[in-house]
Participant: 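The following block contains the structure, expressed as structure tokens.
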Amino acid sequence: MTLKKTALGLALAGAIGGFAAPAAAQDQIYINHNSYRTGPFSGSGIPIGDGVKDYFALLNARDGGIGGVKIAYEECETGYDTRKSVECYEQAKSKGTVIYAPWSTGAALAAIPRAHIDKIPILSMAYGLSASASGQTFPWVFNPPVTYWDGASVFLRYIAGREGGFDKLKGKTIGLVHLDAPFGKEPIPVLEAFAKEHGFNLKLYPIAASEMQNQSSTWLGIRRDRPDWIYMMGWGAMNPTGIREAARSGFPMDKFVSVWWPGEDDVRPVGAQAKGFKVLTWHQVGQTFPAMQEIQKLVIDKGLSQTPRDKVGEHIYGKGIYEAVMISEAIRNAQKVTGKKVVNGEDVRRGLETLDITAERWKELGLEGFTSPLKLSCADHNGANPLFILEWDGTKFVKTSDPMPPVRDKVQPLIDEAAKSYATSNAGWPSRTETCDKAS
Amino acid sequence: MDVLYKIFIEPFALMGSAPDLLVQTVWEGLVAGVLYALIALGFVLIFKASGVFNFAQGIMVVFAALTLVGLHEKGVPAWLAVILALVVMFGLALTIERVVLRPLVNQPDIILFMATFGITYFLIGFGESVFGGNPKVMIADELYLPRGVTDVEMLGGRVSFQHLDVAAAIIASVMIAALAVFFQYTRIGRALRAVADSHKAALSVGISLNQIWVIVWFTAGVVALVTGIMWGARSDVSFALEVIALKALPVLILGGFTSIPGAIVGGLIIGVGEKIGEFYWGGLLGGGIETWLAYFIALAFLLFRPQGLFGEKIIERI
């Protein structure tokens with residue numbers, strides 16, 4: 001009996017080991033991402049996860065992977081819990097992931113000190129530590145195509161344009177409604193620096209994660225302070241509630257701008273009342289792009305994904321596509337730079353540093369007009385791409401502004417200073433030794 | 001000196017100069033308080049009947065609302081979805097009694113308390129598996145919940161009354177009154193109170209403990225469904241609602257774990273207190289103080305009444 005149990009146990013352990021070690025296979029490239037399809041932040045986590053997953057499924061189904069090598073893609077569920085994220089990082093590392101996407105600023109901050117030791121590049125797409133745009137200090141961390149600091153500067157550029165110039169911001173009150181977490185607080189230094197320079201008042205309205213669906217006090221405070229503009233740094237359940245409360249409190253939607261995370265599902269329930277609500281973003285929405293249509297045809301219609309067909313091309317789904325394109329192009333670059341088919345984390349880091357997705361390349365990818373070209377380098381791990389306004393017209397998002405570049409002459413010194421400060425305050429932070437490749 | 005001014009002068013000056021904002025804040029607090037009271041009521045019902053602090057009450061709110069919306073998404077008409085959601089909550093009560101409570105009879109309270117943690121995690125996983133983890137929109141229109149707002153010009157300003165909030169306050173009040181009558185004047189209610197006083201004495205006069213537990217858990221499920229509908233209509237039906245349900249803890253500390261009036265009064269005090277505190281004094285502490293202010297208020301009350309406002313005074317020899 002005991003022998004039988006032992007044999008069964010061994011067989012089971014072998015089976016589990018077999019399932020748990022896709023990375024061990026030498027004919028595929030393994031990628032493990034954090035995800036949160038459960039919990040209070042699932043409203044943001046699900047469409048992003050769907051976008052990433054569907055794009056890799058498309059590459060596998062249509063092209064046989066990247067450079068003839070299949071992509072083995074797995075998610076690790078965190079529920080947006082930083083502690084679980086750390087466990088997921090360890091899991092991803094042990095399975096040999098070639099890149100790690102934390103999908104949480106808190107998780108990114110936790111992973112940054114480990115990346116150069118474990119030789120795993122961290123990709124925090126338009127989130128995470130803004131200072132990690134500095135490739136000189138953070139050779140293993142990438143945050144393209146724009147930082148939260150850039151986002152705040154573009155928001156100010158936009159409202160300055162609306163008000164008649166930066167000098168017209170003097171005496172105005174600008175409110176920041178933000179999740180009371182590292183992510184939500186990230187743009188505060190930039191907003192404070194601009195407030196000092198241009199003489200506007202900055203009012204902060206923090207919202208604890210436990211109060212995301214209970215924001216009435218915050219919006220009463222906004223009614224009391226009467227800010228001229230509101231900038232929102234929201235995530236998960238905070239976004240739909242914030243938009244709903246803004247409408248309830250009568251705040252002019254035309255003066256309500258959010259960082260790039262709200263999706264259609266966050267605004268749709270408010271409908272026409274949310275008309276004029278604005279989101280800063282760097283890519284278009286819609287299903288007209290050939291790549292989106294291919295996903296519908298080759299992935300969803302073939303039963304390779306559970307994404308609802310009508311969700312393809314929506315705003316947050318598009319962010320998942322954008323990230324997956326960056327990763328796949330970085331892998332392609334890594335294959336060219338190293339001459340290897342099956343690349344590892346070190347190779348992908350080199351692929352990211354030589355990333356150059358031109359307008360022509362976006363067209364080849366079936367995403368012409370989806371977004372701006374993106375070019376990274378050893379020094380610049382961000383790209384500082386332009387942003388534009390997506391405005392809610394009552395039923396859908398429409399692009400209503402030209403692309404606006406970040407105010408990098410103001411933001412770059414802050415990035416450099418913050419990167420330097422990070423390196424000095426973390427004793428033993430290594431100087432960059434990684435060599436630079438020529439762009440492929 | 002500036003701090004003292006901001007604590008003792010500025011808030012009261014604002015109350016005087018903008019009394020409409022004070023009225024609005026109190027109203028928002030009352031609405032939130034009524035909803036907190038509803039959640040707390042679910043805790044009280046189960047605690048009274050079984051001495052168990054039901055940690056799963058928060059997730060029951062989410063699960064009930066998810067069931068309703070999920071069924072409607074699958075094409076079930078709203079009225080039928082409500083009935084089916086009630087049937088599901090009854091089934092849940094029956095299952096919990098059979099699978100969790102009955103085998104744990106005579107176990108220490110802490111074991112039953114831990115079992116409710118198990119129920120919580122089971123319902124999270126089960127709910128997500130069946131209905132998905134994505135937030136859903138409450139079927140407010142289909143349930144004939146009113147929309148719109150009435151602005152009343154008063155005290156030199158404007159006070160807005162959302163029709164949904166007014167409806168929430170009325171529905172919650174009716175529900176609380178109905179429960180009070182049910183427990184005070186019906187046979188089952190009296191049996192429940194007997195069980196609350198002493199399990200052994202209740203058993204000795206022929207009251208079925210198992211039956212009472214099913215009724216109480218089902219009643220808590222009905223309360224959870226109503227709470228889920230009202231909160232869900234104000235924001236979304238998402239798993240974030242479970243966290244809000246924890247706001248019932250300070251309400252219970254304040255009102256007492258065994259008192260229905262305590263849950264109501266406690267809910268209102270916490271609701272109004274946290275809104276006033278956040279609005280007038282929040283900025284002094286960087287804002288976002290609501291989360292802990294509710295506990296602070298409850299603990300301040302405990303200094304004077306350790307058993308809560310309406311809780312039973314328990315004297316034990318040691």
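In the text below, chain A, chain B and the rest are named by the order of the sequence lines, each starting its count at 1. The figures here come from the full heavy-atom set of this structure, side chains too, leaving out hydrogens, waters and symmetry mates.
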Participant: Locate the shortest heavy-atom distance separating Pro206(A) from Gly286(B); write the atom from each residue and the value.
Facilitator: CG-O, 3.0 Å
Participant: Using a 4.5 angstrom heavy-atom cutoff, name the option from Val149(B), Asp151(B), Ile124(B), Leu241(B) with the most pairs to chain A.
Facilitator: Leu241(B)
Participant: Taking the side chain as every heavy atom from C-beta outward, state whether Lys275(B) and Ser216(A) have any pair of such atoms under 4.5 Å apart.
Facilitator: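 Yes, at least one pair of side-chain atoms sits under 4.5 Å.
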Participant: Do the side chain of Ser42(A) and the main chain of Gly133(B) share a donor and acceptor less than 3.5 angstrom apart?
Facilitator: yes
Participant: With a 3.5 Å cut-off and no angle check, do the side chains of Lys311(A) and Asn134(B) form a donor-acceptor pair?
Facilitator: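 No, no side-chain donor-acceptor contact under 3.5 Å.
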Participant: Looking at Leu220(A), Val270(A), Leu204(A), which has the largest count of heavy-atom pairs under 4.5 Å with chain B?
Facilitator: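 Max contact count across the listed options: Leu220(A).
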Participant: Against chain A, label Asp141(B) side chain, backbone, both or neither, depending on which of its atoms sit under 4.5 Å from a heavy atom there.
Facilitator: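 Answer is neither: Asp141(B) stays 4.5 Å or more from chain A.
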Participant: Taking 4.0 angstrom as the limit, do Arg248(A) and Asp165(B) come out as a salt bridge?
Facilitator: yes
Participant: Go through Pro40(A), Pro240(A), Ser249(A), Pro269(A) and name the one with the most non-hydrogen pairs under 4.5 angstrom from chain B.
Facilitator: Pro40(A)
Participant: Answer yes or no: is there a side-chain heavy-atom contact under 4.5 Å between Asp236(B) and Arg244(A)?
Facilitator: yes
Participant: Decide if atom CZ of Phe126(B) counts as having more than 12 heavy atoms of other residues, nucleotides or ligands within a radius under 6.0 Å.
Facilitator: no
Participant: Could you please state which residues from residues 222-231 of chain A sit under 4.5 angstrom from chain B, measuring non-hydrogen atom to non-hydrogen atom, sorted by number, or 'none'?
Facilitator: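 The stretch touches chain B at Arg223(A), Arg224(A).
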Participant: Given a strict heavy-atom distance threshold of 4.5 Å, which part of Glu290(B) is in contact with chain A: side chain, backbone, both, or neither?
Facilitator: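 Backbone plus side chain of Glu290(B), per the 4.5 Å heavy-atom cut-off to chain A.
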Participant: For residues 173-188 of chain A, give me every residue with a non-hydrogen atom less than 4.5 Å from any non-hydrogen atom of chain B.
Facilitator: none
Participant: Is there side-chain contact between Phe279(B) and Thr218(A), with at least one heavy-atom pair below 4.5 Å?
Facilitator: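 Phe279(B) does not reach Thr218(A) side chain to side chain.
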Participant: Quick one: which of Gly288(B), Ser235(B), Gly127(B) has the most heavy-atom pairs under 4.5 Å with chain A, could you say?
Facilitator: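 Between Gly288(B), Ser235(B), Gly127(B), the count favours Ser235(B).
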Participant: For Arg234(B), is there any backbone N or O sitting under 3.5 Å from a side-chain donor or acceptor partner on Gln213(A)?
Facilitator: no
Participant: Look at Met238(A), Glu211(A), Gln273(A) and state which one has the largest set of heavy-atom pairs under 4.5 Å with chain B.
Facilitator: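 When all of Met238(A), Glu211(A), Gln273(A) are compared, Glu211(A) has the most.
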Participant: If I compare all heavy atoms of Ala240(B) with all of Met212(A), which pair ends up nearest, and what's the gap?
Facilitator: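 What the structure gives for the nearest pair is CB-CE, 4.3 Å.
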